[in-house]
Amino acid sequence: MSTVLKTCTATATLNTGSKIPLLGLGTWRSTKDKGYAAVRKALDAGYRHIDSAAVCMNEQVIGKAIRDSGIPRNEVFVTAKLWSTQHRQPGKALEQSLDRLGLDYVDLYIMHWPLAFKTDRLSSKNYMVIPTNAEKKPDVDTDWNHVKTWELMQYLPKRGGTKAIGVSNCSIRHLKEILDSQGNKIVPAINQIEAHPFLPQDDMLDFCHDKGIIMEAYSPLGSDGAPFLKEPVVREIAKRYHVDTAQLLISWGLQRGYVVLPKSTNLERIVSNSQTFELAKEDFIRLHELAQERGTKRVHSPPWFFFE
Ligand code: NDP
């Protein structure tokens, strides 16, 4: 079988009318020189979408790489995220992110988790943490919630620091609570969640389609160390197509019609991850059956959160 690999340039249209490239570079753990080089390499290779998050503490290098690339700002889709210690002040948090990125605006500003942490014990310098209470458990702010945060976030696009707003790690219940709340005026443009063949998120995908929300898949390779690339079925299908296992999983996600965010700081892998192809229907379905066959696997289950 000869496989035609192409640099992924596909886009989706957000509910704001703007386009979002379906392939984005993930940047968790892409720090310092490696993070800078990764973003530069990705932009050279044709990526036009960079995912970032304040809590990853690498906005300075990501922003610098975007600025140094020489690519016109309006040709790169940049995402930033509101960390859970700043839910009561999303406007201030966005300004701080823009300052660290060295950008006038981002294309998308996302609520990273639909829950807030207490900030009583934090100084203005150590905001990007998971604060703990006296029992050494995550210090969740139970007097606040994601709906209140969303109500505040809705003012941000008008203020100009972001073109669109979205959420991350929201379940269907969280999304319904936002959509059904009296103060809601804007439907989230995005829900960024963990998705891969072991967690295909079918119900969420249907719900998002129905509401005009674009789904984004994080940890498409299984996160740190890319464990899903070692799966026998993944290896067997990739071998038949003469492609990398990562190219197979990324292409599968793209073919499902959502944004896929593979992370790499390896310059060769950044390029190869951007080369995608179309799977035959039977292989597309075969990967989709993995979760049923082998059981679902969720890579990220932080102790402060229930995905329901
Ligand atoms: P990924 O599934 O993208 O996997 C990253 C791992 O795969 C790294 O160890 C990387 O190593 C390795 N890798 C990448 N490409 C290849 C390849 N071709 N061959 C072999 N190994 C490879 O995991 P992430 O958890 O990083 O998720 C992607 C992005 O999604 C994040 O970076 C972040 O931007 C976002 N995210 C968002 C979250 C949220 O709560 N909203 C949570 C988690 C992630 P190497 O760098 O050495 O190539």
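Indexing begins at 1, ligand by ligand and atom by atom, following the structure's order. Because the structure is predicted, anything quoted here is derived from the model rather than measured.
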Can you pull out the closest protein heavy atom to [atom]? Residue, atom name and distance to 0.1 Å, please.
atom                    : value
atom 37 (C) of ligand 1 : Q192 OE1, 3.1 Å
atom 26 (O) of ligand 1 : K263 CB, 3.3 Å
atom 7 (O) of ligand 1  : A226 CB, 3.4 Å
atom 9 (O) of ligand 1  : G225 N, 2.9 Å
atom 19 (N) of ligand 1 : R269 CD, 3.1 Å
atom 36 (N) of ligand 1 : Y218 CB, 3.4 Å
atom 2 (O) of ligand 1  : L221 N, 2.7 Å
atom 18 (N) of ligand 1 : N273 OD1, 2.9 Å

Would you mind listing which atoms of ligand 1 come within a distance below 4.0 Å of any non-hydrogen atom of [X]?
X    : answer
G26  : 29 (C), 31 (C), 32 (O), 34 (O)
H300 : 25 (O), 43 (C)
G222 : 2 (O)
H112 : 39 (C), 40 (O), 41 (N)
N266 : 48 (O)
P262 : 3 (O)

Nearest candidate to [atom], where distance is taken over non-hydrogen atoms, out of [options]:
atom                    : options               : answer
atom 24 (P) of ligand 1 : S264, S219, A246, A53 : S219
atom 33 (C) of ligand 1 : I50, T245, V299, D51  : D51
atom 40 (O) of ligand 1 : T27, D224, L229, N169 : N169

Would you call [X] and [Y] a side-chain contact if the rule is heavy atoms closer than 4.5 Å?
X    : Y    : answer
K263 : Y218 : no
F77  : R48  : no
I130 : D139 : no
H288 : P197 : no

In terms of heavy-atom contacts, M153 and G166 come closest through CE-O, 3.8 Å
- [ ] Evaluate side chain to side chain donor-acceptor pair (under 3.5 Å) for Q192 paired with D51, printing each intermediate quantity in order.
- [x] CA-CA 10 Å; Q192 183 181 118; D51 187 65; 3.0 Å; yes
Going by the 4.0 angstrom heavy-atom rule, the piece of I110 near ligand 1 is neither
Logged contact type for S223 with ligand 1, heavy-atom cut-off 4.0 Å, is both
Exercise for the section: For salt bridge (Lys or Arg N to Asp or Glu O under 4.0 Å), just list the numbers for R173 and E177, CA-CA rounded to whole Å, side-chain angles, deciding distance to a tenth of an Å, and then say yes or no. Expected result: CA-CA 6 Å; R173 172 180 66 84; E177 284 166 358; 3.0 Å; yes
**Prompt:** Between L25 and ligand 1, does any nitrogen or oxygen pair lie at a separation below 3.5 Å?
**Reply:** no
Hey, is ligand 1 close enough to W28 that some N/O pair sits below 3.5 Å?
yes
Assess whether salt bridge (Lys or Arg N to Asp or Glu O under 4.0 Å) is satisfied between D33 and R40, documenting all intermediate values.
CA-CA 11 Å; D33 292 351; R40 286 297 301 271; over 6 Å; no
TODO: Flag the pair H300 / W28 as yes when their ring centroid distance falls below 6.0 Å, and as no otherwise.
DONE: yes
message = Just checking W144 against H87, ring centres under 6.0 Å apart?
response = no
Tell me whether the guanidinium CZ or amine NZ of R298 lies under 6.0 angstrom from the six-membered ring centre of F307 and within 45° of its axis. yes
Notebook entry, point to check: Y105 ring centre to R159 NZ or CZ under 6.0 Å, with the angle to the axis within 45°?
Noted result: no
I would like to know whether R240 and E236 meet salt bridge (Lys or Arg N to Asp or Glu O under 4.0 Å); could you show each step before the answer? CA-CA 6 Å; R240 257 195 291 114; E236 181 269 311; 2.8 Å; yes
Query raised in the report: Has D244 got any heavy atom lying under 4.0 angstrom from an atom of ligand 1?
Result: no
